[in-house]
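The structure appears below as structure tokens.
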Amino acid sequence: MLYVLEPAATTAPHTGAVRLRFLLESLTALDGELRARGSSLHVARVADGADVAAEVAAAAARCGATTLVYEDDDSPAGRQRDAAVGAAAAAAGLAVVTRSGHTLYPPALLLDAAGGVAPRTMAAFTSLVDRVGPPRPPLPTVGDDLPPPPPPPPPLGDGEAVADGAVPSLGALGWDAAAAAGLRVRGGEAAALQRMEAFLGRRGGAVVRAFEKPKTSMVAWRTPDTTVLSPYLAAGVLSPRTFYARLREVEAAGNGRHTRPPVSLVGQLLWREHFHLLAGSVPHFGRMAGNPLCRQIPWDDPSTDAAAAARHAAWATARTGYPAVDACMAQLRKEGWVHHLGRHLLACFATRGDLWLSWEAGAATFEELLLDWDPALNAGNWMWLSASAFFNSYFRVYGPVTWMRKVDPEGKFIRHYLPALARLPTAYIYEPWKAPAGVQAAAGVRIGDGGDYPAPIVDHAVVSKVNIDRMAKAFRSGAAAEKGGNKAPAVKVGGVGGWGGGANAKPAAATGAPSRGGRSAKAKADAAPVKTEESGGAGGLRTRSGRVSKKR
DNA sequence: TTTCGCGTTGATGGC
DNA sequence: CGCCATCAACGCGAA
């Protein structure tokens, strides 16, 4: 099995140390599983700008493979690359087999059932899924009947390639291991299944059956209130169909007494499914310009506006001066993970609530930092929180002082993630700039310029009102545009991609990023000619830039 | 016993 | 999966 590490998967700003460590651990675990079955994983690195498709095809042919197997990537950029790989492989005389397994359903199946137009609301999506019926059950785990590994293929790319195919270390990829020390989730499928079963078994399944996402706690950092399976789902380490099937079993044990979508855990998988379907079918889903789903709002752009860049930097480095916001960012930077509701606070504050930054800028920061980064979910959720799409109540603004205080009156979460503030009296923990000098001194902290923690970079009471007015204006002009007959076109399905260009990231000019969004492949291959079918549950590994293929 | 002052609670509506 | 101002209703102690 071959896994290709593209530069964007191993370097900032697209990838941070924490997620890279998780990926490398998962690759190591996959290699171990393959070796236990008499095969192995070969990791190859390619240089920036290399023609990966041609090199993969050439390497496969040179080591005697007859079939190239990989999993579909449902993102536009991924589909473009898949097409290139498929074409290059076919030209090299290889049979090509692709599978759909990253989502519960093959996207084309849902789009067909929906008449070619992806639903735009969760309610409509849920009824679509009800009509289609449950997803296929996961396939069994591969056994020990894998063919022996072929001779190692020649290295891909230039001298950067890892000749022996071993999973590289963080250090070998140019990272300081200390930067990834905050990782709290172990990589690999065995760890994923163990975490999944541990959660499913909480109070005999009662926790699953009573699960309501909005009611989970964002300040339970020692033992998160949610599953924290998203990193595994995002990387392709855990099959969504495996998770779904087990959830249904645990729900069934309650004799019909369990929560339901959208708040249940199955509902969380449907959110994921919904955003994936939209990301694969709405033009430019990952950005504002040219995205028919996204309200056009005159955000400040940090790439062209120095003041906006300063605000963005303060937000991204946990220096806004609002402890609730900064504690969330501190957790994200350290661990690569924050609770869903913490992400709400961060995203609302960065966009319509306070800083008025483009949601694309915030999404780019999350792309680097999130362990569970997924282009479809990231864009969908940033559009949601910025009230650019899906969500219209732009006046519901999270208060950076009031909101978290309701669930954590003593500020334990803040004290843990912002240790400089740990000794402040509870009265000031959410508003440290109000603490008198004597109180600050007693707490061993100095707030403000040159101190240990900054004063607020904006006055929430003032800017939130200004921003609500701006949002109201943007909503009015959006409504006017729609009345003027400028409606967004229906979202058409289609194999034919008219929207090729890198729809999942910021505009290419802003990042210089190569297209990414990769997938992996399954170990179990039929030697069939080009065809597509669903792949299954166990054992795969998928990343945005990885590609695994089986040689025989 | 009635009335007043004052603080708390909950419903409501606007942004 | 907001926040706040407003107001009515209420509880309670004091006069």
Side-chain angles (χ1 to χ4, degrees), chain A residues 120-123 125-126 207 210-221 224-228 230 259-272 274-275 295 297-298 320 322-325 327-329 331-332 337-356 359 362-363 366 370 372 377-409 413 430-431 434 456 458-479:
Chain A
R120 295 186 178 210
T121 67
M122 187 57 181
F125 183 80
T126 303
V207 169
F211 189 91
E212 292 182 63
K213 185 64 168 279
K215 292 188 179 171
T216 56
S217 167
M218 71 146 299
V219 293
W221 72 90
D225 229 11
T226 51
T227 67
V228 197
S230 53
T259 56
R260 292 192 154 64
V263 297
S264 66
L265 277 167
V266 167
Q268 305 316 300
L269 281 174
L270 294 188
W271 282 111
R272 176 177 184 271
H274 185 204
F275 281 146
R295 193 173 298 276
I297 297 171
T320 69
Y322 285 100
V325 175
C328 288
M329 182 57 79
Q331 184 185 24
L332 174 58
W337 187 86
V338 201
H339 185 275
H340 181 67
L341 295 176
R343 302 180 195 198
H344 281 208
L345 179 61
L346 284 169
C348 182
F349 188 87
T351 56
R352 67 186 166 86
D354 294 82
L355 302 185
W356 200 254
W359 66 262
F366 273 28
L370 272 177
D372 54 25
L377 276 59
N378 199 39
N381 282 312
W382 273 94
M383 283 191 275
W384 184 295
L385 263 301
S386 62
S388 297
F390 311 116
F391 177 77
N392 296 320
S393 302
Y394 57 82
F395 38 78
R396 286 192 201 163
V397 175
Y398 290 81
V401 170
T402 59
W403 183 75
M404 195 189 292
R405 184 142 65 187
K406 279 186 288 193
V407 291
D408 185 14
F413 182 81
Y430 286 94
E431 303 171 282
K434 290 186 177 174
V458 292
D459 182 343
H460 174 75
V462 173
V463 297
S464 64
K465 282 187 179 60
V466 171
N467 290 348
I468 285 174
D469 286 347
R470 290 159 131 175
M471 291 298 291
K473 197 172 159 195
F475 269 64
R476 279 197 302 272
S477 66

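Note that the structure is a prediction, hence the values are computed from the model and not measured. Letters A, B, ... are given to chains in the order of the sequence lines, protein chains preceding strands, and every chain is numbered from 1. Below, each value reflects all heavy atoms present in this structure, side chains not excepted, and no hydrogens, waters or symmetry copies.
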- Check every atom of B/dC15, C/dC1, C/dG2 against the side chain of A/Trp403 and return the nucleotide holding the closest atom. C/dG2
- Note on the structure: Closest of C/dC1, B/dC15, C/dC4 to the A/His344 side chain is C/dC1
- Task: Please confirm whether A/Arg120 makes a cation-pi placement over A/Phe390, using NZ or CZ under 6.0 Å from the six-membered ring centre and within 45° of the ring normal.
- Result: no
- Query: Does the distance from a Lys or Arg side-chain N to an Asp or Glu carboxylate O, for A/Glu431 and A/Arg405, drop under 4.0 Å?
  - Reply: yes
- Query: Going by an N to O cut-off under 4.0 Å, is there a salt bridge joining A/Arg343 and A/Asp372?
  - Reply: yes
- Message: Need one value for A/Leu341: base, sugar-phosphate or nothing, where a base atom within 4.0 Å counts as base even if backbone is also close, heavy atoms only.
- Response: base
- Given side-chain hydrogen bond (donor to acceptor under 3.5 Å, both in side chains), test A/His339 with A/Thr216 step by step and report yes or no. CA-CA 9 Å; A/His339 185 275; A/Thr216 56; 2.8 Å; yes
- Can you find a side chain N or O atom of A/Lys406 that sits less than 4.0 Å from OP1 or OP2 on C/dC3? yes
For atom [atom1] of [X] and atom [atom2] of [N], their distance in whole Å:
X	N	atom1	atom2	result
A/Arg476	B/dC15	CZ	C1'	12 Å
A/Lys465	C/dG2	NZ	C1'	13 Å
A/Arg352	C/dC1	CZ	C1'	11 Å
A/Phe475	B/dC15	CZ	C1'	13 Å
A/Tyr394	C/dC3	OH	P	17 Å
A/Arg396	B/dG13	CZ	P	15 Å
A/Leu345	C/dG2	CG	C1'	11 Å
A/Gln268	C/dC1	CD	C1'	11 Å

